[in-house]
Amino acid sequence: MDEEQTLGQPSEQLPPKTPKKLTLIPLIFLIYFEVAGGPYGEEPAVQAAGPLLALLGFLLFPFIWSVPEALITAELSTAFPGNGGFVIWAERAFGPFFGSLMGSWKFLSGVINIAAFPVLCVDYLEKIIHPLESGWPRQLSILMSTLILSFVNYTGLAIVGWGAVVLGLVSLSPFVIMSLAAIPKIQPHRWISLGQRGVKRDWNLFFNTLFWNLNFWDNVSTLAGEVENPQKTFPRALLVAVVFTCLAYLVPLFAVIGAVSVDQSDWGSGFHADAAEMIAGKWLKVWIEVGAVLSAIGLFEAQLSSSAYQLEGMANLAILPKFFACRSKWFNTPWVGILLSTLITIGMSYMDFTDIISSANFLYSLGMLLEFASFVWLRRKLPGIKRPYRVPLRIPGLVAMCLIPSAFLIVIMVIATKIVYLVSGLMTVGAIGWYFLMNFCRQKKLLKYSIAEDGER
């Protein structure tokens, strides 16, 4: 086996307990929750640009963004099937500095996003349990929900994966019912509406909504070492997940736009629940609200898994100290990564982090630009490495495939606010400083690093 193929695999000291590997169905639903978790949150696209542009956005954006990102993930995850994913790709393409920078950008953006999900759970629960609206009951519920969900993650990816299957089916079922109930009420002319007269289009909200809802296809790459037969399973899972996710967005959106007539300003986050009440009754609204909680749980579990296994992969590459690769004796999960991610998530959960989330998206965009560059450069640098799945394009075609989503990323970054530039800049400076700190600790032997990778430096 080629050296490049083994890079990023767990170190020689294997835990005594062999973990259950992820199979196709759980992997599909983990990818689904990495990206979407359901049509919750797509509504602001209608508010921002009107029904027709919202529908076109969710029809076309997957081909501009989701498909290229999924193809890159399929090729590189099968070529480098180890935990760490995009960190391995950047490290192999451009060296340890860029591997570390990629890891910092993606980890920070990931854990900040994770912090939103326990808060979202409580936001929906407070509609039923009113004491959760404020004060210590709200703070305690956010803390306890984070700790409980993190413990579930600690019990292993097999449990998390099959849990994602159940959560996905239950949280999507009310949208299936709503879409079927809406059919007799649909008026197709509403689909081609450009929006109400006098309502100014909010392109920032529109593009960020599309970006938020169809992003993070590469996150699952950090779990490649935990997948059964990743060379075959990854491409299949990504293909099914892309189709499944796009349908989960489009079918309810077509149904609700065609069946209800409301002011464009009413299309805020959570409007699907109100639409369900208009179409079928209060009971379906409640079901969708419960589904939103289940969706948030699935999103939390999937993204926490990616962050934790990413840190393990970075330790196997000697970018982080060896103890980040430590696994639990009981569940064989990377408990250090889970613990660190959970602690950061708890801290972020109590902050007003609107600008910080925007900054996290900015960092993720920087990481994606580096990922596209790594993908193209690895084709040139390592043309002979075994690629069980290979995007059927030569280098000029790959460059063209990456240019369109890269242009979109640049647009997202250009329209960012000054505070986002400031926070993102400070985080990036911190990431660069962290790399040199780790180098200093390695040279002075202050911390232990993976011996398997030390020899390559």
Side-chain angles (χ1 to χ4, degrees), residues 1-13 72-73 75-77 79-111 218-219 221-225 306-326 334 336-337 340-341 363-385 424-425 427-457:
M1 183 176 290
D2 292 336
E3 176 187 351
E4 288 84 2
Q5 286 180 267
T6 61
L7 188 61
Q9 295 286 1
S11 57
E12 295 180 0
Q13 294 182 349
I72 291 169
T73 302
E75 176 170 321
L76 294 182
S77 293
F80 303 97
N83 296 336
F86 37 72
V87 179
I88 301 175
W89 312 339
E91 197 271 348
R92 293 307 294 162
F94 301 117
F97 172 78
F98 287 99
S100 177
L101 192 60
M102 172 76 89
S104 297
W105 279 339
K106 292 293 188 80
F107 178 75
L108 288 171
S109 65
V111 293
D218 61 333
N219 272 14
S221 68
T222 65
L223 309 176
S306 291
S307 295
Y309 282 93
Q310 177 194 325
L311 294 182
E312 182 196 29
M314 292 175 72
N316 291 329
L317 288 167
I319 292 173
L320 290 177
K322 196 172 183 178
F323 67 82
F324 278 94
C326 291
V336 176
L340 179 60
S341 301
L363 295 179
Y364 186 84
S365 298
L366 291 172
M368 284 308 306
L369 291 173
L370 178 56
E371 185 173 311
F372 291 146
S374 300
F375 172 61
V376 174
W377 189 247
L378 282 170
R379 274 288 190 96
R380 181 180 176 86
K381 181 181 179 181
L382 301 173
I385 190 174
S424 301
M427 288 182 175
T428 299
V429 170
I432 294 171
W434 178 260
Y435 169 76
F436 287 107
L437 175 62
M438 290 296 97
N439 263 357
F440 176 80
C441 292
R442 185 183 300 107
Q443 291 168 3
K444 299 296 182 180
K445 297 184 179 180
L446 300 177
L447 297 169
K448 292 183 179 180
Y449 289 82
S450 174
I451 297 175
E453 311 304 335
D454 278 345
E456 297 181 7
R457 292 176 184 275

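The figures that follow rest on heavy atoms only: side chains count, while hydrogens, waters and symmetry mates do not.
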Pair Y435, I319 - check side-chain contact (heavy atoms from CB on, under 4.5 Å), show working. CA-CA 8 Å; Y435 169 76; I319 292 173; 5.8 Å; no
Taking atom CD1 of I432 and atom CZ of F97, what is their separation to the nearest 0.5 Å? 4.5 Å
For L317 and M314, run side-chain contact (heavy atoms from CB on, under 4.5 Å): C-alpha distance rounded to whole Å, both residues' side-chain angles, the deciding distance at 0.1 Å, then the answer. CA-CA 5 Å; L317 288 167; M314 292 175 72; 5.6 Å; no
Residue pair L446 / F440, side-chain heavy-atom distance below 4.5 Å: yes
Grab the two heavy atoms, one from S450 and one from N316, that are nearest each other, plus how far apart they are. OG-O, 3.6 Å
What distance do L320 atom CG and E312 atom CD have between them, rounded to the nearest 0.5 Å? 11.5 Å
Quick one: pull up OH in Y449 and CZ in R442 and give me the separation to the nearest 0.5 Å. 5.5 Å
Do you know the tightest heavy-atom contact between N83 and A224? OD1-N, 3.9 Å
Under 3.5 Å, is there a donor-acceptor pair linking the side chains of S104 and W434? no
When every non-hydrogen atom of C326 is compared with those of V336, the smallest separation belongs to CB-CG2, 4.1 Å
Decide yes or no for K106 and V87: does some side-chain heavy atom of the first lie under 4.5 Å from some side-chain heavy atom of the second? no
Assess whether atom NZ of K381 is packed by more than 12 heavy atoms of other residues, nucleotides or ligands within 6.0 Å. yes
For residues F324 and L340, determine if any side-chain heavy atom of one lies less than 4.5 Å from a side-chain heavy atom of the other. yes
Under the 3.5 angstrom rule, does the side chain of S100 hit a backbone N or O of P96 as a donor-acceptor pair? no
Does a side-chain heavy-atom distance below 4.5 Å link W89 with S77? yes
Once you measure the plane-to-plane angle for F94 and W377, does it fall in the parallel (<30°), tilted (30-60°) or perpendicular (>60°) bin? parallel
Cationic tip of K448 above F323 ring, under 6.0 Å, 45° of axis: no
CG (L447) and CE (M438) are apart, to the nearest 0.5 Å, by 6.0 Å
After noting the C-alpha distance and the side-chain angles of M427 and L363, does the key distance pass the side-chain contact (heavy atoms from CB on, under 4.5 Å) rule? CA-CA 8 Å; M427 288 182 175; L363 295 179; 3.2 Å; yes
Distance-minimising heavy-atom pair for G82 and I88: O-CD1, 3.6 Å
Would a distance-only check, ignoring hydrogens and angles, find a side-chain to backbone donor-acceptor pair under 3.5 Å from T222 to G84? no
Return the CZ to CG distance between R379 and L76, rounded to the nearest 0.5 Å. 9.0 Å
Kindly indicate whether the side chain of F375, heavy atoms from C-beta on, has any atom under 4.5 Å from the side chain of T73. no
side-chain contact (heavy atoms from CB on, under 4.5 Å) assessment of M102 paired with E91: CA-CA 9 Å; M102 172 76 89; E91 197 271 348; over 6 Å; no
Any non-hydrogen side-chain atom of E371 less than 4.5 Å from a side-chain atom of I72? yes
Can you see which heavy atom on S341 is nearest to which on L311, and at what distance? OG-CD1, 4.5 Å
Separation between CG of L369 and CH2 of W105, rounded to the nearest 0.5 Å: 8.0 Å
A90 versus S374, closest heavy-atom pair with distance: CA-OG, 3.5 Å
Just checking, is any N or O donor in the side chain of Y364 or D218 under 3.5 Å from an acceptor N or O on the other one? yes
